[in-house]
Every structure is written in C-alpha cells, then in structure tokens.
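Take a look at the structure set out below.
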Amino acid sequence: MRIGEIAALVGVTSRAVRHYHHIGLLPEPARRANGYRAYTVRDAVLLARIRRLTEIGLSLDEVRDVLADDAGRELAEVLGELDADLARQEREIRERREVLAALLEAPPTSDGPLSPALAALLESAPATGSPAAAKDREHLALLDTAGGGAGAELYAALRPLAEAPGVAGLYERLDELAGAGMDDPRIAPLATELVAAVPDEVLAMIPDGEPSPTGFGRVLLEDYPPAQREVVRRVMEALAVRVRATRGRSV
C-alpha cells in the first residue's frame, strides 16, 4: 500500500501519517525502487492502533508507551483486540441510534430531550408543584445527558421511590428549608428519612466512592441554598456509608 491508501484504509490523513513518521511514532516502511513507501498490513494495524488510542484521549507520548508494550505481541492478538474494539464501538453507535429513534418518536417535553428510560420514570412520578422535586428532575436530566453512569436499570430501580406516597411529603419538608440556616433542627431528621427511603436496588448500582461531594456531586450541592445543601450533603454521605456496608467494606 502507498501512503494515501493506508491513510484512507485507517481513516486518517496522509499528513497525519507523515507526522507520525516524523516524531517516530510510526516507523518508516521500506521503499520501493521508485521511492514510494510500501506499507504492509502490520503498518495498517499499528496506524489503526495509534488512531484509536488518540481518539480515547491519550497523548502521543502515552500512545508511544502503549505501542512499546505491544511490540512483542503477535499480529493475530493485536488484530483480535482491534476487532473487539470495533465491535464495542458498533454496539455503542447502535445503542445511541436506538435512543435517538425513541427521542424522535416521543413528544417534546420541557425536560427533554431525555432517554426513554428517564422519560418513563418521570412520567410515573405523581404531579407536584414542589420546587425541590423540580430540581431533582433537572438533576436527573443533567445526569442523563452527561452520562454519569446512569442508565435504564438505575431508572427502573428508582421507580418505586418515585411512586412512593410519602415522597411528596419529604419534598415539601425540603422546600420548607429553602430559607433556613444550616443549624436548623429539621435538617438531621429529614436527611435520615431521605436516606431510609432509597431502595437497596439503587444502592447496588452506585459506583464505589459515590455519592461524593466532588465532581457531579459538588455541582449538585452548589445548586441548593444552605439548609437544603446540608440535607443533601448528609444524604450523600450516609448513602456512601450504606453502599460500602452492602459491599462488605469497612465504614
């Protein structure tokens, strides 16, 4: 293969191939008598590997380290890994298209666009004018859009909580704390009841170390006034303890 052919095969530009040669990331292939580079399947596999590693966010120096580890592997092993990676990408694209198709068929909502699973969860919840409940919907929509590990199984596990008759009262009590201080005596009992209301099925889907007042948790906390923020912080902390306890870790 010539440089234009290998570039087209892998899905990069000839300029990128030349740059990889220039920095020593992709070895220069042997040249034919006419001076043209003659690329092999091994070169194509290596170039595809470089492309994939850069696409997932590795720097060129990090890519160089990975390729050094690959050097002693058999071609069939590297090809098998690339094939598995392409299959994973195909699955992800197919799943995204399925979600997109469902979104295109669904009527527009003020929360949308939402995944079908989250839309079903929100539809199952009783109507309420609670500002705290509205904020929860906004946070779920943000988590749904950002990824954050949320998915259909989590939303299904949350459904009993959304439909529980006592949840409306908990939201009302949280609303009442909108203008209160962080030393309000209602904070501790409300946090305890909110933690107790979370089903064990939801805990099973929370990643290790979460919920945490960092990252998405920090953004969420900053969205609340002081007393409500303290309730939510305590809930997050207590849920993290419950998660560790259910997995047999020290609390």
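It should be emphasised that the depicted structure is a prediction, and the values quoted were computed from it without experimental measurement. The analysis underlying the following values was restricted to heavy atoms, covering all of them including side chains, and did not include hydrogens, waters or symmetry mates.
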Heavy-atom pair of closest approach, residues Ala238 and Val195:
CB-CG2, 3.6 Å
Could you check whether any side-chain heavy atom of Val17 comes within less than 4.5 Å of a side-chain heavy atom of Tyr39, counting everything from C-beta outward?
yes
Nearest 0.5 Å please: distance from the CG atom of Asp136 over to the OH atom of Tyr171.
3.5 Å
Nearest non-hydrogen partners of Ala180 and Arg186, listed with the distance:
CB-NH2, 3.9 Å
Applying the 4.5 Å side-chain criterion to the ILVMFWY set and letting contacts propagate, would Val10 and Leu60 be lumped into a single cluster?
yes
If two hydrophobic side chains count as joined below 4.5 Å and joins carry through other members, does Tyr36 share a cluster with Val41?
no
Heavy-atom distance under 4.5 Å between the side chains of Glu201 and Pro160, does that happen here?
no
If we only count heavy atoms from C-beta on, is the Val198 to Arg242 side-chain gap below 4.5 Å?
yes
Just verifying a value: how many Å separate Arg94 CZ and Glu92 CD, rounded to the nearest 0.5 Å?
10.5 Å
Heavy-atom nearest pair, Met1 first then Ala44, reads CE-CB, 4.1 Å
Atom CD in Gln228, atom CG in Asp175: separation rounded to 0.5 Å?
6.5 Å
Do Leu9 and Tyr20 belong to the same hydrophobic cluster, where Ile, Leu, Val, Met, Phe, Trp and Tyr are linked whenever their side-chain heavy atoms lie under 4.5 Å apart, directly or via other members?
yes
Under 3.5 Å donor-acceptor, Glu5 side chain and Arg2 backbone
yes
If you count every heavy atom of other residues, nucleotides or ligands that lies below 6.0 Å from Arg88 atom CZ, does the total exceed 12?
yes
Minimum-distance pair of heavy atoms, taken over all atoms of Leu118 and Leu140:
CD2-O, 3.5 Å
Mind listing the closest non-hydrogen atom pair of Ala157 and Pro199 along with its distance?
O-CG, 4.0 Å
Would you mind reporting whether Arg49 and Val66 have side-chain heavy atoms less than 4.5 Å apart?
yes
Is the shortest heavy-atom distance from the side chain of Leu46 to the side chain of Pro27 under 4.5 Å?
yes
Rounded to the nearest 0.5 Å, how far apart are CZ of Arg18 and CZ of Arg37?
6.5 Å
Once you round to the nearest 0.5 Å, how far does CZ of Arg229 lie from CZ of Arg233?
11.0 Å
Is the backbone of Asp223 close enough, under 3.5 Å, to the side chain of Lys135 for a donor and an acceptor to pair up by distance?
yes
Shared hydrophobic cluster for Leu177 and Met182 (ILVMFWY, side-chain gaps under 4.5 Å):
no
Strictly distance-based, threshold 3.5 Å: is any side-chain N or O of Asp43 a donor or acceptor partner for the main-chain N or O of Thr40?
yes
Heavy-atom closest pair, residues Leu170 and Glu193:
CD2-OE1, 3.9 Å
Once rounded to the nearest 0.5 Å, what's the spacing between atom CD1 of Ile50 and atom CZ of Arg64?
9.5 Å
